[in-house]
Asker: 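Before we start, here is the structure in question, set down as structure tokens.
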Amino acid sequence: MKGIIPKPVHILDNPFENFRELIVNNVSFRQSLSNTFLIWILNFIPQIALALLLTAWFTNQRLKVRGQGAFKVLLYMPNIITASTIAVLFNALFSYPVGPMNSILHELGFIDNPVNFLQDKTTARGIVAFIQFWMWYGNTMIVLIAGVLGINPALFEAASIDGANGYQTFFRITLPSLRPILLFSLTTSLIGGLQMFDIPQLFLGGGPDNGTLTTSVFIYGQAFKGSYLYNRAAAASMILFVIAAVLSAVLFYIMRDRDAAKLKKEEKRIKKAAKLASKGA
């Protein structure tokens, strides 16, 4: 029962104390937020770029890639491997002083002495970002391909008849038609990135020197390790929820259909003018 019933119990003596302690005084919390955003950006940009490239490749009617099913299965497979297995795999790959990566780099002449990749904050963050990218680009690709297959084929036929090349077709027809799917991918990736827990926790436990400490790992540590500070963990969770909500709202605003919004605004103006005219009559 350790930590379950802290003594003495104080309820809402100062409701904003925990938030102030986290934001103002807790360096680890601020670092966990910056780590979370940095790792998410480093993995999402190449993830969406590669997923779009593979989507354009697999859905190009002129190329007609053979064995698409096998390719899609192979590219999606990292997403179904458990996080614990991947953590053990990459720990072995980057092990020190003897490991596959050190051996390969030594044989290629890039290094003379073994490098302890997992004890450097920069390389540790890069490895975690790569793992997240490697695990999820296949899933993003499948979602985008499903979105492309849902586009009316008549649009592509009309573009082909008008002489549009593959580049023009993709950027003028495919991408605009994929706006709802891209919004879904962006939003789910953002929320998943903010909640990133399994790989940073299982791979290095937030180390080295809090270099891969994400907000979810910080919350877990506050609640279930050491002092059992459930109040601080709950406050950090609420801050994370607010950040996710605000950023999701920003994404919805940026990705909105501007033409539809203008049309709706014009319809409202016409209805309002008609109502005023009817009252005047």
Asker: Any chain of hydrophobic side-chain contacts (each under 4.5 Å) joining V88 to I86?
Answerer: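 The answer is no; the residues belong to distinct hydrophobic clusters.
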Asker: Can you hop from L247 to I23 via hydrophobic side chains spaced under 4.5 Å?
Answerer: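 As far as the 4.5 Å side-chain criterion goes, I23 and L247 are connected within one cluster.
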Asker: First locate atom CZ of F29, then atom CZ of R232, and finally report the distance between them rounded to the nearest 0.5 Å.
Answerer: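 If I round to the nearest 0.5 Å, the distance is 11.5 Å.
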Asker: Could you tell me whether a side-chain N or O of Q132 sits under 3.5 Å from a main-chain N or O of I39, the two making a donor and an acceptor?
Answerer: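 No, Q132 side chain to I39 backbone: no donor-acceptor pair under 3.5 Å.
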Asker: For the residue pair G163 and Q168, what are the closest heavy atoms and their distance?
Answerer: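 Result for this residue pair: O-OE1, 4.3 Å.
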Asker: Return yes if some donor-acceptor pair links the side-chain N/O of N26 with the main-chain N/O of S28 below 3.5 Å, else return no.
Answerer: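 Present.
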Asker: Which value, rounded to the nearest 0.5 Å, describes the distance between I199 atom CD1 and S84 atom OG?
Answerer: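 Reported to 0.5 Å precision, the distance equals 8.5 Å.
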Asker: Quick one: does I243's side chain get under 4.5 Å of F37's, heavy atoms only?
Answerer: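 They are in contact (side-chain heavy atoms under 4.5 Å apart), so the answer is yes.
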Asker: Answer yes or no: is there a side-chain heavy-atom contact under 4.5 Å between F117 and N102?
Answerer: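 Yes - at least one pair of side-chain heavy atoms lies under 4.5 Å apart.
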Asker: Got M255 and L182 here, is their nearest side-chain heavy-atom distance under 4.5 Å?
Answerer: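 SC-SC contact between M255 and L182 confirmed.
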Asker: Is there a side chain to side chain contact (heavy atoms under 4.5 Å, CB included) between F94 and V115? Walk through the geometry before answering.
Answerer: CA-CA 9 Å; F94 291 92; V115 178; over 6 Å; no
Asker: Any side-chain heavy-atom pair from F218 and T36 closer than 4.5 angstrom?
Answerer: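 Answer no - side chains too far apart.
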Asker: Does R172 CZ have over 12 foreign heavy atoms under 6.0 Å away?
Answerer: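 No - once you tally the heavy atoms of other residues, nucleotides and ligands closer than 6.0 Å, there are 12 at most.
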Asker: Would you compute the distance between atom OG of S185 and atom CH2 of W136 and round it to the nearest 0.5 angstrom?
Answerer: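 Reported value, rounded in 0.5 Å steps: 11.5 Å.
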Asker: Would a hydrophobic clustering, with Ile, Leu, Val, Met, Phe, Trp and Tyr connected at side-chain separations under 4.5 Å, put I181 with I191?
Answerer: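 No, I181 does not connect to I191 through the hydrophobic network.
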Asker: Taking all non-hydrogen atoms of both residues, which atom of N18 and which atom of A235 are closest, and how far apart?
Answerer: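 Scanning both residues completely, I find the closest heavy atoms to be CB-CB, 3.7 Å.
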Asker: Which distance, rounded to the nearest 0.5 Å, do you find between the CG of L213 and the CD of Q201?
Answerer: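 Here the rounded value is 9.5 Å.
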Asker: Between M77 and V73, is the side chain to side chain contact (heavy atoms under 4.5 Å, CB included) condition met? List the steps.
Answerer: CA-CA 6 Å; M77 278 189 70; V73 169; 4.3 Å; yes
Asker: Just wondering, do L52 and I48 contact through their side chains at under 4.5 Å, heavy atoms?
Answerer: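 Side chain of I48 against side chain of L52, heavy atoms only: contact under 4.5 Å found.
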Asker: Go through V27 and R30 one step at a time and tell me if the side chain to side chain contact (heavy atoms under 4.5 Å, CB included) criterion holds.
Answerer: CA-CA 5 Å; V27 178; R30 295 198 299 271; 3.7 Å; yes
Asker: Which heavy atom of S216 sits nearest a heavy atom of M196, and at what distance?
Answerer: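 In terms of heavy atoms, the two residues are closest at CB-O, 3.5 Å.
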Asker: Does the side chain of M141 come within less than 4.5 Å of F58's, by heavy atoms?
Answerer: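 Yes, side chains in contact.
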Asker: Using modelled atom types only, decide if a donor and an acceptor are shared between the side chain of N43 and the backbone of F130 within a distance under 3.5 Å.
Answerer: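 No, because the side chain of N43 does not come within donor-acceptor range (under 3.5 Å) of the backbone of F130.
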Asker: For the pair N165 (side chain) and Y167 (backbone), establish whether a donor and an acceptor sit closer than 3.5 Å, ignoring hydrogens and angles.
Answerer: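 Judged by distance alone, yes, a pair lies under 3.5 Å.
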Asker: Should the heavy atoms of other residues, nucleotides or ligands under 6.0 Å from CZ of F184 be counted, would the total exceed 12?
Answerer: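 Atom CZ in F184 is not crowded, with 12 or fewer foreign heavy atoms closer than 6.0 Å.
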Asker: Please find the pair of heavy atoms, one from A223 and one from A233, that lie closest to each other, and give the distance.
Answerer: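 Reported closest heavy-atom pair: CB-CB, 3.7 Å.
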Asker: In terms of the angle between their ring planes, are F224 and Y230 parallel, tilted or perpendicular, with boundaries placed at 30° and 60°?
Answerer: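 Rings of F224 and Y230: perpendicular, as their planes differ by over 60°.
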Asker: Short question: side chain of T212, backbone of R125 - any donor-acceptor pair under 3.5 Å?
Answerer: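 Here the side-chain-to-backbone pair does not exist.
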Asker: Counting neighbours of OH on Y96 that are heavy atoms of other residues, nucleotides or ligands and sit closer than 6.0 Å, is the number greater than 12?
Answerer: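 Yes.
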Asker: Relative to each other, are the rings of F19 and F16 parallel, tilted or perpendicular (30° and 60° limits)?
Answerer: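 Tilted, since the angle between the ring planes falls between 30° and 60°.
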Asker: Is there a side chain to side chain contact (heavy atoms under 4.5 Å, CB included) between D120 and N116? Walk through the geometry before answering.
Answerer: CA-CA 7 Å; D120 182 80; N116 197 344; over 6 Å; no
Asker: Tell me the closest heavy-atom pair linking P200 and V217, and the distance in Å.
Answerer: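 Smallest interatomic distance, heavy atoms only, reads CB-CG2, 4.0 Å.
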Asker: Taking a hydrophobic cluster as the set of Ile, Leu, Val, Met, Phe, Trp and Tyr residues connected by side-chain heavy atoms closer than 4.5 Å, whether directly or through intermediates, do L118 and I104 fall within one such cluster?
Answerer: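 In one cluster with L118: I104, yes.
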Asker: Between L204 and A124, what is the shortest heavy-atom contact and its length?
Answerer: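 The pair with the smallest heavy-atom distance is CD1-CB, 3.7 Å.
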Asker: Check whether any side-chain heavy atom of L194 sits under 4.5 Å from a side-chain heavy atom of T215, and report yes or no.
Answerer: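 Not in contact.
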Asker: Is it true that atom CG of N25 has more than 12 heavy atoms of other residues, nucleotides or ligands lying nearer than 6.0 Å?
Answerer: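 Count over threshold, so yes.
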Asker: Let me confirm one number: the CG-CD1 distance from N113 to I111, rounded to the nearest 0.5 Å.
Answerer: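 Spacing of CG (N113) from CD1 (I111) equals 8.0 Å.
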Asker: Would you indicate whether the side-chain heavy atoms of Q68 and F71 approach each other to under 4.5 Å?
Answerer: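 A side-chain contact is absent here, since even the closest heavy-atom pair is not under 4.5 Å.
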Asker: Looking at D209 and K121, would you say the former's side chain and the latter's main chain have a donor-acceptor pair under 3.5 Å?
Answerer: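 Side chain of D209 to backbone of K121: no pair is present.
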Asker: Ignoring hydrogens and geometry, is there a side-chain-to-backbone donor-acceptor pair from R256 to Y253 under 3.5 Å?
Answerer: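 Yes; at least one donor-acceptor contact below 3.5 Å.
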Asker: Measure the CG-OG distance between N139 and S189 for me, rounded to the nearest 0.5 Å.
Answerer: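 Between N139 CG and S189 OG, I get 10.0 Å after rounding to 0.5 Å.
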Asker: Transitively linked via ILVMFWY side-chain contacts under 4.5 Å: M101 with F110?
Answerer: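 Yes; tracing contacts between hydrophobic side chains, which count when under 4.5 Å, links both residues.
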Asker: Below 30° counts as parallel, above 60° as perpendicular, anything between as tilted: where do the rings of F133 and Y137 land?
Answerer: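 Parallel, since the angle between the ring planes stays under 30°.
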